[in-house]
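Take a look at the structure set out below.
This chain uses plain numbering: 1 for the first residue, then up along the sequence.
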Amino acid sequence: MKQTTNTILMIRPVSFRMNEETAVNNFYQNAANGMLPASINAKAQQEFDAMVQKLKSVGVNVIVVEDTTDIDTPDAVFPNNWISFHENGDVILYPMFAENRRLERREDILDILEDNGFVINDVMDYTSAEDEGLFLEGTGSIVLDRINNKAYCALSPRADEELFIEFCEDFEFTPVIFNAYQTVNDKRELIYHTNVMMSIGETFAVLCSECIDDKTEKKSVVDSLKQDGKEIIYISEKQVSSFAGNMLQVVVENGKTYLVMSESAYNSLNKGQIAQIERHTSIVYSNLETIERYGGGSARCMMAEVFLPKA
């Protein structure tokens, strides 16, 4: 199993704005403050295009699909929540918390990947869980250590424990389950997605252990990562709010790897943390200010990794 891939699917936004349906438990989103939706979307598109350019310039194969204009999908720029693509040719569809995010699921994306020479053997569809009010939002809710067959999940309204365990059984991952919190108006609130506070690379992990209030759970996450030989780069809760946990390692043709993050994430890191990361991988960052501000997600959320076999 590989931990990193060279191919990333990204969805170019056409109706990006703050999504009122996700704001109820994503505390990283902000209201528009009088800025027109069209201006917000135009800025998001500029940021998106610049990030795609940066990824391509270092050698990442980016498949860009334009979002559709006929349905209202303000969060389409974050495809990693509804779909994932695996080395054995499996595609997984996930149940989504916000009703308007369910509209992001598009069959033509599978056709586009096949047109790009990828093989799809099987589609595993968990979306019927939505009828029971159960959700598991893809690689937002689940952070995979593919090499060691482990899946990390911070439980939340968007990550149901039983559904997560079912996923782990279906795909032979060992589950590592915990609760992660952030302080919102002096209250500890569950973090909506695991990938906001942790990221796993080939030889390292970025982790905000401050978010895990339960000492036993904290120890189990840290021990699990260390057991697998990952060097842990600890980040603070303040850095999490700059999206420093929302990173993804990618690989290019010559085997060189990059950790992709936003400019705000990069700027929040101290010299020691940057040096720690750079012992393992190079860094590429891009300004995602508008997408982060109104979407409450960052670089990792924008990239759906394609591990599918080539025809």
I'd like to know if [Y] and [X] are part of one continuous hydrophobic network [Ile/Leu/Val/Met/Phe/Trp/Tyr, side-chain heavy atoms within less than 4.5 Å].
| X | Y | answer |
| --- | --- | --- |
| Val52 | Val284 | yes |
| Ile233 | Met197 | yes |
| Val251 | Met302 | no |
| Met198 | Tyr266 | yes |
| Phe164 | Val176 | no |

Would Thr281 and Thr257 satisfy side chain to side chain donor-acceptor pair (under 3.5 Å), going step by step from the backbone distance to the final call?
CA-CA 6 Å; Thr281 188; Thr257 62; 2.8 Å; yes
Mind checking the [atom1]-[atom2] spacing from [X] to [Y]? Nearest 0.5 Å is all I need.
| X | Y | atom1 | atom2 | result |
| --- | --- | --- | --- | --- |
| Gln276 | Lys271 | CD | NZ | 15.5 Å |
| Glu47 | Leu288 | CD | CG | 6.0 Å |
| Ile8 | Met51 | CD1 | CE | 8.0 Å |
| Arg293 | Glu289 | CZ | CD | 8.0 Å |

Heavy-atom side-chain contact between [X] and [Y] under 4.5 Å:
| X | Y | value |
| --- | --- | --- |
| Glu166 | Leu163 | yes |
| Met261 | Ile283 | yes |
| Met124 | Val91 | no |
| Leu155 | Phe178 | no |
| Val65 | Arg106 | yes |
| Leu93 | Trp82 | yes |
| Leu207 | Val222 | yes |
| Asp145 | Ile147 | yes |

Can you tell whether the side chains of Lys230 and Asp228 come within less than 4.0 Å, N to carboxylate O?
no
Would Lys218 and Asp213 pass as an ion pair if we require N to O under 4.0 Å?
no
Which heavy atom in Ser199 sits nearest to a heavy atom in Met247, and how many Å separate them?
OG-O, 2.9 Å
Taking every non-hydrogen atom, the tightest pair across Cys211 and Val240
SG-CG2, 4.4 Å
Got more than 12 heavy atoms from elsewhere within 6.0 Å of [atom1], [X]?
| X | atom1 | answer |
| --- | --- | --- |
| Glu231 | CD | yes |
| Glu66 | CD | yes |
| Asn254 | CG | yes |
| Lys187 | NZ | no |

Keeping the roles fixed (side chain from [X], backbone from [Y]), state whether a donor-acceptor pair exists under 3.5 Å.
| X | Y | value |
| --- | --- | --- |
| Gln249 | Ile200 | no |
| Gln239 | Ser268 | yes |
| Asn270 | Gln273 | yes |
| Asp214 | Glu217 | yes |
| Asp67 | Ile11 | no |
| Arg102 | Met96 | yes |
| Ser15 | Asp72 | no |
| Gln45 | Pro13 | yes |
| Tyr294 | Asn41 | no |
| Ser262 | Ala299 | no |

Do the side-chain N and O atoms of [X] and [Y] include a donor-acceptor pair separated by under 3.5 angstrom?
| X | Y | answer |
| --- | --- | --- |
| Ser224 | Lys150 | yes |
| Glu237 | Gln182 | no |
| Asn6 | Asn61 | no |
| Thr5 | Glu305 | no |
| Arg146 | Thr4 | no |
| Arg188 | Thr183 | yes |
| Glu292 | Ser264 | yes |

Within 45° of the ring axis of Phe307 and under 6.0 Å from its six-membered ring centre, is that where the NZ or CZ of Lys2 lies?
no
Test: Lys43 cationic atom under 6.0 Å from Phe48 six-membered ring centre, within 45° of axis:
no
Suppose we call two aromatic rings close when their centres sit under 6.0 Å apart. Are Phe204 and His280 close by that rule?
yes
Determine whether the aromatic ring centres of residues Phe135 and Phe97 are separated by less than 6.0 angstrom.
yes
Of Arg105, Arg158, Arg101, which is the lone residue that meets salt bridge (charged side-chain N to carboxylate O under 4.0 Å, His left out) with Glu130?
Arg105
Under the rule for ring pair (Phe, Tyr, Trp, His ring centres under 6.0 Å), what residues qualify as partners of Tyr152, not counting sequence neighbours?
none
Hey, what's the ring geometry for Phe171 with His86, parallel, tilted or perpendicular (30° and 60° as the breaks)?
parallel
Let's go through Thr139 and Arg300 carefully: what are the C-alpha distance in whole Å and the side-chain angles of both, what is the deciding distance for side chain to side chain donor-acceptor pair (under 3.5 Å) to 0.1 Å, and is it a yes or a no?
CA-CA 9 Å; Thr139 52; Arg300 167 66 189 105; 3.0 Å; yes
Mind checking what makes side chain to side chain donor-acceptor pair (under 3.5 Å) contact with Glu161, not counting sequence neighbours?
none
Can you list everything that forms a side chain to side chain donor-acceptor pair (under 3.5 Å) with Asn149? Sequence neighbours excluded, please.
none
By the definition side chain to side chain contact (heavy atoms under 4.5 Å, CB included), identify the one residue from Asn81, Ile142, Thr127, Ile83 that meets it with Tyr94.
Ile142
